[in-house]
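Position 1 is the first residue of the sequence; numbering continues from there.
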Amino acid sequence: MTVTSKSKERVRAGEVFTPATMVFEMILQPCIRDVISSIDHTVLDPFAGQGQFPCTALFFKMFFNLDKLTEENCLRIVNSIYGVELRED
């Protein structure tokens, strides 16, 4: 299967790349921001792809907790973000 046909197949299946601006808008929504702001809440992206959402969530989780960043809290934040991608390509 060629790259072009893979891309077309993904679009037909509803799988698309999420631009950074859209991820920022999603994360800054009050219901999501409340979760991201907490060190202890878990973030799961079940269709992580290239990891745009989990990486941005990590950045914002660190940013929202700058005053609490100890080595232990950094590890807790990193260990609270998960991304899963089932496609091998």
Side-chain angles (χ1 to χ4, degrees):
M1 187 178 286
T2 66
V3 172
T4 304
S5 61
K6 284 182 187 177
S7 297
K8 287 179 183 178
E9 177 188 331
R10 287 181 173 181
V11 169
R12 277 194 296 273
E15 181 181 339
V16 294
F17 176 77
T18 309
T21 53
M22 185 177 288
V23 174
F24 277 41
E25 286 182 36
M26 290 165 45
I27 286 179
L28 294 176
Q29 294 299 310
C31 60
I32 297 176
R33 183 182 174 144
D34 291 345
V35 172
I36 299 289
S37 296
S38 171
I39 289 176
D40 295 315
H41 281 94
T42 300
V43 175
L44 169 63
D45 183 356
F47 305 100
Q50 295 179 337
Q52 186 78 353
F53 187 83
C55 288
T56 306
L58 174 62
F59 170 82
F60 275 102
K61 247 188 168 196
M62 294 285 193
F63 178 77
F64 291 145
N65 292 288
L66 281 175
D67 58 331
K68 301 173 195 162
L69 287 185
T70 63
E71 185 176 346
E72 179 184 340
N73 283 345
C74 285
L75 288 172
R76 287 170 57 199
I77 289 171
V78 169
N79 288 323
S80 72
I81 299 177
Y82 299 89
V84 177
E85 181 55 56
L86 298 178
R87 290 189 180 248
E88 294 179 9
D89 56 347

Original post:
When rounded to the nearest 0.5 angstrom, what distance separates CE in Met62 from CD1 in Ile39?
Top reply: 9.5 Å
Subject >> Ile36: which of Val43, Asn65, Ile77, Leu28 passes side-chain contact (heavy atoms from CB on, under 4.5 Å) >> reply: Val43
Subject >> Spacing of Phe60 atom CZ and Ser37 atom OG [to the nearest 0.5 Å] >> reply: 10.0 Å
**OP:** Describe, in one word, how the ring planes of Phe59 and Phe63 are oriented to each other, choosing from parallel (under 30°), tilted (30 to 60°) and perpendicular (over 60°).
**Re:** parallel
Subject >> Value rounded to 0.5 Å, distance of OG in Ser80 from CG in Leu75 >> reply: 11.0 Å
Original post:
How far does NE2 of His41 sit from NZ of Lys61, to the nearest 0.5 angstrom?
Top reply: 8.5 Å
**OP:** Treat each ILVMFWY residue as a node, draw an edge where side-chain heavy atoms are under 4.5 Å apart, and state whether Val84 and Val23 are in one component.
**Re:** no
Original post:
Taking Ile81 as the fixed residue, which of Asp45, Leu58, Thr42 is the one that meets the side-chain contact (heavy atoms from CB on, under 4.5 Å) rule?
Top reply: Leu58
Subject >> For Gly83 against Pro54, the heavy-atom pair lying closest together >> reply: CA-CG, 4.2 Å
**OP:** Would you please indicate yes or no on a ring centroid separation below 6.0 angstrom for Phe53 and Phe47?
**Re:** no
Original post:
Which atom pair, heavy atoms only, marks the closest approach of Pro46 to Leu44?
Top reply: CD-O, 3.5 Å
